Amino acid sequence: MAEYHLTAPLTDADVEQLNVGDVVYITGECFTCRSRLHKYIFDEKHTMDFSIADRNVLIHNGPIVVKENGKWRLVSFMPTSSIRFEKWGARSVDEWNLKMIVGKTTMGQKTMEMMKEKKCVHVSPQSVSPNLWIDSIEVQDVHLYDELGRIEACWFFKVKDIGPFIVDIDTKGNNYFDALDAKVQERKRKALEEIGVDPDFEYTRLYTE
């Protein structure tokens with residue numbers, strides 16, 4: 001496991017060096033996206049009236065931001081589960097030219113295949129409350145606020161060395177959680193064998209239809 005401090009916008013070389021299990025800290029400009037923005041662009045076929053050409057780090061996040069004295073202030077920052085957005089994952093990597101997606105959990109096979117093709121990684125927060133990073137995150141702008149609402153709008157952030165994140169999908173097609181699940185299942189099999197429980201047992205059902 002290696003540790004990297006990367007500055008966005010990221011290059012192919014930046015992400016190709018990363019392997020699952022590596023730890024990453026991020027500096028630079030990024031943007032947020034949740035379900036409503038995906039639907040607005042990909043399903044409802046609206047066009048972005050703003051540019052993300054220099055922002056190739058996407059955070060699956062619905063921040064809580066308030067306006068005070070004419071300026072936005074970040075109150076809460078908590079990446080959400082990326083698997084929720086698998087429907088649009090591959091398209092977002094491809095059409096938005098992403099190099100990194102930040103979110104909890106992981107993503108599915110189609111997104112992983114596109115990440116391998118386009119050189120993109122997925123990273124998850126590692127054992128830390130992201131709200132501890134608030135002082136290291138500057139709110140630069142917001143887009144589609146009126147159309148999508150405060151939580152679902154596209155926020156532009158500038159971050160400074162936030163992390164640690166663990167690389168859970170790399171550009172080689174590896175998935176940290178898939179490998180971890182395989183270990184869990186093998187340990188479960190051995191544990192059941194040791195205590196003499198049939199591995200095909202079913203859990204007790206308290207309620208039946």
Side-chain angles (χ1 to χ4, degrees), residues 1-35 37-38 41-42 51-63 77-130 132-133 136-137 154-183:
M1 181 180 72
E3 180 176 303
Y4 297 89
H5 293 254
L6 302 179
T7 299
L10 303 176
T11 65
D12 284 355
D14 287 331
V15 295
E16 285 181 304
Q17 67 185 326
L18 303 177
N19 295 298
V20 290
D22 285 346
V23 173
V24 176
Y25 292 79
I26 306 165
T27 294
E29 297 181 337
C30 54
F31 70 102
T32 70
C33 180
R34 281 170 56 98
S35 299
L37 180 58
H38 283 109
I41 300 301
F42 296 130
S51 175
I52 55 171
D54 295 326
R55 294 175 189 265
N56 57 16
V57 175
L58 165 64
I59 304 177
H60 286 152
N61 173 249
F77 175 88
M78 183 68 69
T80 190
S81 296
S82 295
I83 195 65
R84 295 170 51 199
F85 314 117
E86 176 60 19
K87 174 182 177 181
W88 309 283
R91 287 191 66 183
S92 64
V93 170
D94 183 22
E95 297 182 25
W96 293 346
N97 298 311
L98 301 178
K99 293 301 170 189
M100 178 180 287
I101 295 178
V102 179
K104 292 187 297 186
T105 67
T106 187
M107 300 200 76
Q109 190 62 37
K110 289 184 179 180
T111 301
M112 287 176 57
E113 291 171 359
M114 186 60 71
M115 286 180 164
K116 184 176 181 180
E117 178 182 342
K118 297 293 184 176
K119 309 303 179 187
C120 179
V121 298
H122 186 278
V123 302
S124 299
Q126 184 186 38
S127 304
V128 64
S129 170
L132 297 175
W133 304 331
S136 299
I137 302 173
C154 182
W155 292 91
F156 278 14
F157 289 151
K158 186 174 183 180
V159 303
K160 183 177 181 181
D161 210 33
I162 63 171
F165 298 98
I166 186 170
V167 179
D168 60 271
I169 299 175
D170 61 24
T171 61
K172 306 164 191 69
N174 300 310
N175 187 302
Y176 177 84
F177 291 110
D178 284 351
L180 186 63
D181 186 59
K183 291 180 180 179

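Since the structure is predicted, the reported quantities are computational estimates derived from the model, not experimental observations. Basis for what follows: all heavy atoms, side chains included, without hydrogens, waters or symmetry-related copies. Residue indices begin at 1 and follow the sequence shown.
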Go through it in stages, so that I can follow the logic: the residues are Val159 and Cys30, the test is side-chain contact (heavy atoms from CB on, under 4.5 Å), and I'd like the CA-CA distance, side-chain angles, deciding distance and then a yes or no. CA-CA 8 Å; Val159 303; Cys30 54; 3.9 Å; yes

Interatomic distance, CD@Gln17 vs OG1@Thr11, rounded to 0.5 Å, equals 8.0 Å

Sub-3.5 Å donor-acceptor pair from the side chain of Asp168 to the main-chain atoms of Tyr176, do we have one?
no

dist Ile166:CD1 -> Gln126:CD (nearest 0.5 Å) comes out at 5.0 Å

So OG of Ser136 and CD1 of Ile26: to nearest 0.5 Å the spacing works out to 12.0 Å

Worksheet item: Does the ring center of Phe42 lie less than 6.0 Å from the ring center of Trp96?
Response: yes

Discussion item. Less than 3.5 Å apart, any donor N or O on the side chain of Lys172 or Asn19 sitting next to an acceptor on the other?
Written reply: yes

When every non-hydrogen atom of Ser51 is compared with those of Phe156, the smallest separation belongs to O-CZ, 3.5 Å

**Item:** Check: Thr32/Asn61 side-chain N/O donor and acceptor closer than 3.5 Å
**Value:** no

In terms of heavy-atom contacts, Asn56 and Pro9 come closest through OD1-CA, 3.4 Å

To the nearest 0.5 Å, atom OH of Tyr25 lies from atom CZ of Phe165 at 10.0 Å

On a heavy-atom basis, the closest approach of Gly103 and Ser124 is O-OG, 3.0 Å

NE2 of His60 to CE of Met107, rounded to nearest 0.5 Å, is 5.0 Å

Review point. Got a donor-acceptor contact below 3.5 angstrom from the Ser82 side chain to the Thr106 backbone?
Key: no

side-chain contact (heavy atoms from CB on, under 4.5 Å) for Asp94 and Lys118? Distances and angles first, verdict last.
CA-CA 7 Å; Asp94 183 22; Lys118 297 293 184 176; 3.1 Å; yes

For Pro63 and Trp155, the nearest pair of non-hydrogen atoms, with its separation, is CG-CD1, 3.5 Å

Only one of Glu86, Lys87, Arg91, Lys116 passes side-chain hydrogen bond (donor to acceptor under 3.5 Å, both in side chains) with Thr111, and that residue is Glu86

All heavy atoms of Asn175 vs all of Met112, minimum pair found to be ND2-SD, 3.4 Å

- Would you call the rings of Trp88 and His38 parallel, tilted or perpendicular if under 30° counts as parallel and over 60° as perpendicular? parallel

The single option from Asp54, Asp12, Asp14 that satisfies salt bridge (Lys or Arg N to Asp or Glu O under 4.0 Å) with Lys99 is Asp12

So SG of Cys33 and CD1 of Ile59: to nearest 0.5 Å the spacing works out to 11.5 Å

Practice task
For Cys120 and Met114, run side-chain contact (heavy atoms from CB on, under 4.5 Å): C-alpha distance rounded to whole Å, both residues' side-chain angles, the deciding distance at 0.1 Å, then the answer.
Solution key: CA-CA 8 Å; Cys120 179; Met114 186 60 71; over 6 Å; no

Between Phe85 and Ser81 the two heavy atoms that sit nearest each other are CE1-O, 3.6 Å

